[in-house]
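Please read the structure below before turning to the comments.
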Amino acid sequence: MQKIAIFRARRWLCRSFSGISSNPLRVCVVGSGPAGFYTAEKMLKAHQQAQVDIVDRLPTPFGLVRSGVAPDHPETKIVINQFSRVAQQERCSFFGNVTLGSSISLSELRELYHVVVLAYGAESDRSLGIPGENLKGIHSAREFVWWYNGHPDGQNLEPDLKSTDTAVILGQGNVALDVARIFLRPTTELATTDIASHALATLEESCIRVVYLVGRRGPAQAACTAKELREILGIHNVDIFIQESDLLLTPLDEEELKSNRIQRRVHELLSKAARSKPKHIGLNQRELRFVFFRKPNDFQESNERAGHVSGVHFEKTVLQGVSHGKQIAIGTGEFEDIKCGMVLKSIGYKSVPVDGLPFDHKKGIVPNDRGRVLSDPSDPTVPEKGLYVCGWLKRGPTGIIATNLYCAEETVSSISEDLEKGGLIPSSALEKPGRVGLLQLLHDRNVRIVSFSDWEKIDSEERRLGSLRNKPREKLATWDKLYKAIS
């Protein structure tokens with residue numbers, strides 16, 4: 001193993017120094033999702049002497065494009081081709097299986113590189129903080145998405161889809177709709193996607209027939225996009241239930257919708273669905289029920305199955321205007337229950353800080369000014385030298401894949417401005433070791449580096465296995481299988 005690591009290091013070093021200045025701008029991007037790859041791409045284009053290394057804790061690149069985008073949305077994953085071209089550039093390298101905090105510290109990366117951009121996203125979940133949240137049968141939407149997408153950390157979830165016919169999803173954003181669609185779409189259609197085989201096998205035996213999508217606010221504030229909503233409303237043999245009374249608009253609702261075209265379209269689609277009468281009542285078809293103006297108060301424990309969830313106790317809400325065009329949900333003191341045997345919390349992802357990184361725990365982001373990390377959020381004039389953020393760490397877990405493009409452009413613009421002012425690159429006598437130092441440090445710690453060429457072996461094997469099942473790919477969903485593919 002050591003000989004292989006040394007050989008790879010020499011190969012990378014030869015490639016690194018061919019055609020590159022003796023003192024290039026050395027940049028490390030932590031995270032290989034859309035934010036990371038867009039940042040790398042923009043840096044390589046903006047600075048011809050830049051050498052960019054992308055570090056990720058997984059042996060597979062592309063972040064949420066691989067492990068977050070629903071398997072029945074292959075068109076969204078086409079961006080992987082663009083990211084692959086970035087990784088294959090001479091001045092760019094991918095280092096998979098390298099974990100910030102354990103494989104290498106943030107302070108060590110800052111010593112090795114002129115510029116460090118943190119773009120590792122959000123790999124934890126927000127908590128509701130209400131009674132019963134730890135009951136069995138309650139999962140985060142992130143865990144469920146990782147499970148059906150073949151993320152190596154999601155293989156052990158093993159959701160029980162046989163013991164209940166009803167699932168409640170808390171939240172009405174795109175991730176909530178993705179999860180509901182996976183429950184309700186015929187498995188014959190999912191079988192031709194890149195869904196993980198273990199997930200498909202479980203879904204084929206699923207007893208889930210009724211899915212609730214529950215939101216604190218009303219249809220005018222639903223957080224999904226029209227495209228996602230249109231898709232789930234169009235699933236064959238699914239009855240849609242929406243209370244028409246929930247769709248009545250107040251003057252404040254109309255004010256919100258007036259300035260938001262997407263929200264207007266979402267409200268129109270929900271209104272049309274509410275007027276369409278269910279076609280398959282009593283025929284054991286599947287149901288999707290939208291419930292508005294409800295917030296979870298506590299989770300109920302089953303009398304028959306100790307430690308398992310049996311329902312959600314909701315408080316009814318009304319909207320209260322707090323500023324121009326913004327309303328929040330407040331409790332009314334009235335309650336109702338929805339019985340279920342499974343709950344998925346789609347209430348938002350949460351970023352995790354690392355040692356040495358300023359972090360705003362309330363907002364779940366790194367304090368920053370246009371991507372520049374700030375030690376003191378109240379003083380944007382004194383940023384952390386050479387340390388930047390992009391993506392969800394920078395702005396919170398919002399937006400679509402393309403949102404990261406504009407986010408990366410802003411961060412790279414800040415880096416360029418700081419370079420022009422001087423100070424990021426010291427004199428040649430104090431040259432940063434960059435990739436050479438990273439390789440040496442990881443080699444000394446016996447970290448098993450996965451290169452982009454290693455990923456291409458994984459990619460090739462997944463495509464080969466997929467072709468045997470009429471799928472675009474059969475994801476290798478365990479760490480052992482991933483390592484075996486590159487051995």
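Note that the numbering runs from 1 along the sequence shown for the chain. Just so we're clear, the structure is a prediction, and the values are computed from it rather than from any experiment.
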| Pairs satisfying side-chain hydrogen bond (donor to acceptor under 3.5 Å, both in side chains), at least one member in residues 126-136, at least two apart |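 Matches after skipping sequence neighbours: S127-E133, E133-K345.
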
| said: Restricting to non-hydrogen atoms, name the atom on Q172 and the atom on A222 that form the minimum distance, rounded to 0.1 Å. | reply: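 Minimum heavy-atom separation between Q172 and A222: OE1-CB, 4.4 Å.
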
Donor-acceptor check, side chain of [X] to backbone of [Y], threshold 3.5 angstrom: yes or no?
X	Y	value
Q263	A220	yes
T192	E189	yes
S140	E143	yes
T403	I400	yes
S413	E409	no
S276	K272	yes
E228	T225	no

With sequence neighbours excluded, tell me which residues meet ring pair (Phe, Tyr, Trp, His ring centres under 6.0 Å) with [X].
X	result
Y406	none
F62	F37, W455
Y38	F83
F183	F144

Is there a side-chain contact between [X] and [Y], using heavy atoms and a 4.5 Å cut-off?
X	Y	answer
R289	L213	no
K162	S206	no
V117	V30	no
C92	I54	yes
Y120	V29	no
L100	V55	no
R217	I328	no
L442	S103	yes

[X] side chain to [Y] side chain, donor-acceptor N/O pair below 3.5 angstrom:
X	Y	result
D160	S163	yes
S197	E474	yes
E255	Q327	no
N97	Y483	yes
H198	E158	no

Looking at [Y] and [X], is there a salt bridge between them, counting it only when a charged N and a carboxylate O are closer than 4.0 Å?
X	Y	answer
K394	E410	yes
E462	R66	yes
R142	D153	no
D239	R286	no
K475	E461	no

Return all side-chain donor-acceptor pairs below 3.5 angstrom for residues 240-250, not counting sequence neighbours, or 'none' if the list is empty.
from: T250; atom 1: OG1; to: L252; atom 2: N; distance (Å): 3.4
from: T250; atom 1: OG1; to: D253; atom 2: N; distance (Å): 3.1
from: T250; atom 1: OG1; to: D253; atom 2: OD2; distance (Å): 3.3

| query | Sequence neighbours excluded, which residues qualify as side-chain hydrogen bond (donor to acceptor under 3.5 Å, both in side chains) partners of S67? | reply |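 Applying side-chain hydrogen bond (donor to acceptor under 3.5 Å, both in side chains) to S67 gives none.
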
| message | Run R473 and D459 through side chain to side chain contact (heavy atoms under 4.5 Å, CB included) and show every step you take. | response | CA-CA 8 Å; R473 71 172 63 241; D459 181 46; 2.7 Å; yes

State the [atom1]-[atom2] distance between [X] and [Y], to the nearest 0.5 angstrom.
X	Y	atom1	atom2	answer
I415	K42	CD1	NZ	13.0 Å
K339	S302	NZ	OG	9.0 Å
L482	I458	CG	CD1	5.0 Å
I347	L344	CD1	CG	11.5 Å
R91	M43	CZ	CE	9.5 Å
T166	R209	OG1	CZ	10.5 Å

| said: Measuring centre to centre across the rings, with the benzene-like ring taken for any Trp, is F335 within less than 6.0 Å of H313? | reply: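 Between F335 and H313, the centre distance is under 6.0 Å.
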
Taking distance alone, no hydrogens or angles, what donor-acceptor pairs closer than 3.5 Å link side-chain atoms of residues 359-366 to residues at least two apart or in another chain?
from: D360; atom 1: OD1; to: K362; atom 2: N; distance (Å): 3.0
from: D360; atom 1: OD1; to: K363; atom 2: N; distance (Å): 3.0

| query | Given the rule in the side chain to side chain contact (heavy atoms under 4.5 Å, CB included) test, do R185 and D72 qualify, once you have shown the distances and angles that lead to the verdict? | reply | CA-CA 10 Å; R185 190 182 285 286; D72 57 348; 2.8 Å; yes

| From CA spacing to verdict: side chain to side chain donor-acceptor pair (under 3.5 Å), S451, D454 | CA-CA 5 Å; S451 68; D454 289 331; 3.2 Å; yes

| query | Given T398 and R395, is the side chain to side chain contact (heavy atoms under 4.5 Å, CB included) satisfied, shown in steps? | reply | CA-CA 7 Å; T398 59; R395 66 179 192 275; 4.0 Å; yes

| said: Enumerate the salt bridge (charged side-chain N to carboxylate O under 4.0 Å, His left out) contacts for residues 478-487, please, sequence neighbours excluded, ordered by first and then second residue. | reply: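 Sorted result for residues 478-487: empty, none.
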
Within a radius of less than 6.0 Å around [atom1] of [X], do more than 12 heavy atoms belonging to other residues, nucleotides or ligands occur?
X	atom1	answer
K227	NZ	yes
I330	CD1	yes
R370	CZ	yes

| Given Q89 and E41, is the side chain to side chain donor-acceptor pair (under 3.5 Å) satisfied, shown in steps? | CA-CA 10 Å; Q89 289 189 42; E41 181 179 45; over 6 Å; no

| query | For E256, what residues pass the salt bridge (charged side-chain N to carboxylate O under 4.0 Å, His left out) criterion, not counting sequence neighbours? | reply |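 E256: no salt bridge (charged side-chain N to carboxylate O under 4.0 Å, His left out) contacts found.
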
| request: Name all residues meeting the salt bridge (charged side-chain N to carboxylate O under 4.0 Å, His left out) criterion together with E301; count only those two or more places apart in sequence or in a different chain, and write none if there are none. | output: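 Scan of E301 (salt bridge (charged side-chain N to carboxylate O under 4.0 Å, His left out), adjacent residues dropped) gives none.
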
Using distance only, find each side-chain donor-acceptor pair of residues 290-298 under 3.5 Å and give its atom names and separation, not counting sequence neighbours.
from: R294; atom 1: NE; to: E336; atom 2: OE2; distance (Å): 2.9
from: R294; atom 1: NH1; to: F292; atom 2: O; distance (Å): 3.2

